[in-house]
Asks: 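Take this structure, written in structure tokens, and hold onto it; I'll ask about it next.
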Amino acid sequence: MYSGAISVADLPGGLDLQATLESGQTYLWWREDGNCFEDDEPAGSDAWYRTTAQDPHTGEEGVLRARQREGCLEWEATVDAGPVLTRRLRLEDDLPAIRSEAPEDDHLLARSYDAYWGMRLVAEPVFPTLVTFICSAQMRVERIHEMQQSLRTAFGDPVSFRGETVRTYPEPETIAATSEARLRDLGLGYRAPYVLATAEMVAEGTADPLAARDLPYEEAREYLTRFVGVGEKVADCVLLFSLDFLEAVPLDTWIRKAIARWYPDCDRGSYGATSAAIRERLGGRYAGYAQTYLFHFLRHAEESVLA
DNA sequence: TAGATACCTTATAG
DNA sequence: ACTATAAGGTATC
């Protein structure tokens, strides 16, 4: 068993682990206390969060848990999780420098940054990210989590951790080997054939989602839409939350509402043109950071405070 | 190329 | 109880 503690004071801009993991960027973590990211979540939690991860040295899939308490990010794992956390929670991102590129006269954005300061984007493994966001279509956040846990239970490999059995996220080959009916039984609905077809494409090497990383942003978005069930919005999510495209701004229902209300001149009709306009408005190369703070703030703010 | 519609499933509002 | 509606959209026509 490995363990460690990372001083939050040493991270540029600090850390808000709860906001980072419960802001709808990733569906690959869950709370040890079983409180599955419900709406009435109290803020400031020091709960343990769990996920599975690959050991950076051996490639072995293991389990890790982490919590933020007393100025530290504490972790325990069956693998060497220090580098994993640094990567997946983007602990090296310089938040003050990133925020400094946001428009200064944007009151709503400033309040969003203030409300959840320390929240970081994530950099999750690409195949699970692809599948989870295919699953996210027309789905509530809580149910997206449930679907991922169902996939783990049905197809993941067991790993023993603290006397319990935890399931890894299934590999493309494993999902590709199942049936659409089986996936529908897990509650995926019309997303079942999408997940199956995309897993087949990745398993067979028809296309490699990692290849998008080497393309210019808009070409990368176009590339990812070749996967079944992946449109422009899901492609943007994968680029932002897995492939280091910090300028990506996924146009989901919340951001579309925000555009209609606060950035109406950025609505250019098509996804691509609107996306370009809002990216420019939110600060260009770090627009995805701004998007994520706005998204989290708007989802949790009462209507009265948005006046 | 742009616009309309169907689609699984669940939860909530009326 | 029962229907309409919406939930981090996409594929198809």
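As the structure is a prediction and not an experimental result, all values here were calculated from the model. Lettering of chains follows the sequences in order, A, B, ..., and the numbering in each one begins at 1.
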Asks: Nearest-Å distance, CH2 (W254(A)) to P (dG9(C))?
Replies: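 Rounded to whole Å, this separation is 11 Å.
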Asks: Expressed in angstrom and rounded to an integer, what is the separation of Q148(A) atom CD from dG8(C) atom P?
Replies: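 Nearest whole value for this atom pair: 14 Å.
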Asks: Can you tell me the distance, in whole Å, between the CD1 atom of I278(A) and the C1' atom of dG8(C)?
Replies: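 Rounded to the whole Å, the gap is 16 Å.
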Asks: Send over the distance from L298(A) CG to dA7(C) C1', rounded to a whole Å.
Replies: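 Spelled out: CG on L298(A) to C1' on dA7(C) is 17 Å.
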Asks: Compare every heavy atom of G14(A) with every heavy atom of R120(A), then report the nearest pair and how far apart it is.
Replies: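 Looks like NH2-O, 2.8 Å.
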Asks: What is the base-pairing partner of dG8(C), counting Watson-Crick and G-U wobble geometry with both distances under 3.5 Å?
Replies: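 Paired with dG8(C), as far as the under-3.5 Å criterion goes, is no nucleotide at all.
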Asks: For E142(A) and dA6(C), what is the distance between atoms CD and C1' respectively, to the nearest whole Å?
Replies: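 Going from E142(A) (CD) to dA6(C) (C1'), I get 14 Å.
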Asks: Would you classify T292(A) as touching base, sugar-phosphate or nothing, given that sugar-phosphate means primed atoms plus P, OP1 and OP2, and contacts are heavy atoms under 4.0 Å?
Replies: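 No contact.
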Asks: Show each protein N/O and nucleotides 5-12 of chain B N/O combination with a separation under 3.5 Å, one pair to a line.
Replies:
from: dC8(B); atom 1: OP1; to: R184(A); atom 2: NH2; distance (Å): 3.3
from: dC8(B); atom 1: O5'; to: R184(A); atom 2: NH1; distance (Å): 2.9
from: dC8(B); atom 1: O4'; to: Y190(A); atom 2: N; distance (Å): 3.0
from: dC8(B); atom 1: O2; to: R191(A); atom 2: NH1; distance (Å): 2.8
from: dC8(B); atom 1: N3; to: R191(A); atom 2: NH2; distance (Å): 3.3

Asks: What nucleic acid atoms does Y271(A) come within less than 4.0 Å of, heavy atoms only: base, sugar-phosphate, or nothing?
Replies: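 Result for Y271(A) = nothing.
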Asks: In this structure, is the centre-to-centre distance between the rings of F133(A) and Y27(A) below 6.0 Å?
Replies: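 Ring centres of F133(A) and Y27(A) closer than 6.0 Å.
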Asks: If I pick the P atom on dG8(C) and the same atom on dG3(B), what distance separates them, to the nearest angstrom?
Replies: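 Their P atoms lie roughly 25 Å apart.
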Asks: Should the pair R152(A) and W30(A) be classed as cation-pi, given the thresholds of under 6.0 Å to the six-membered ring centre and 45° from the axis?
Replies: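 The answer is no, since R152(A) fails at least one limit relative to W30(A).
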Asks: Can you tell me how far P in dA1(C) sits from the matching atom in dT9(B), rounded to whole Å?
Replies: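 Taking atom P in both dA1(C) and dT9(B), they lie 23 Å apart.
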Asks: For F133(A) and for F227(A), find the nucleotide of DNA chain C with the closest heavy atom, then tell me which residue's nucleotide is more 5'.
Replies: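 First, find each residue's nearest nucleotide; the 5'-ward one identifies F133(A).
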Asks: With centres under 5.5 Å and planes under 30° as the test, does F295(A) stack with dG8(C)?
Replies: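 Stacking between F295(A) and dG8(C): present.
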Asks: Quick one about R88(A) and T26(A) (side-chain donor to acceptor, distance below 3.5 Å, no hydrogens or angles considered), yes or no?
Replies: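 The criterion, which ignores hydrogens and geometry beyond distance, is not satisfied for R88(A) and T26(A).
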Asks: Take the protein atom CG of L251(A) and the nucleotide atom C1' of dG9(C), then report the distance between them rounded to whole Å.
Replies: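 Distance check: L251(A) CG to dG9(C) C1' gives 12 Å.
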Asks: Nearest whole Å is fine: how far is dA6(C) C1' from R256(A) CZ?
Replies: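 About 16 Å, once rounded to whole Å.
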Asks: What is the separation between atom CD on E232(A) and atom C1' on dT1(B), rounded to the nearest whole Å?
Replies: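 E232(A) atom CD is separated from dT1(B) atom C1' by 13 Å.
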Asks: Give, for atom CG of L251(A) and atom CD of Q291(A), the distance between the pair rounded to the nearest 0.5 Å.
Replies: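 The CD atom of Q291(A) is 8.5 Å from CG of L251(A), to the nearest 0.5 Å.
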Asks: Just checking, any donor-acceptor pair under 3.5 angstrom between side chains of D106(A) and Y113(A)?
Replies: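 There is no such pair (donor and acceptor under 3.5 Å, judged by atom type) between the side chains of D106(A) and Y113(A).
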Asks: Give none if dC8(B) has no partner; otherwise give the nucleotide forming a Watson-Crick or G-U wobble pair with it, both distances under 3.5 Å.
Replies: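 dC8(B) is unpaired by these criteria.
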Asks: Expressed as a whole number of Å, how far does the P atom of dG9(C) sit from that of dT1(B)?
Replies: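 To the nearest whole Å, 25 Å.
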Asks: For L89(A) and V84(A): C-alpha separation, side-chain torsions, deciding distance, then whether side-chain contact (heavy atoms from CB on, under 4.5 Å) applies.
Replies: CA-CA 8 Å; L89(A) 302 180; V84(A) 172; over 6 Å; no
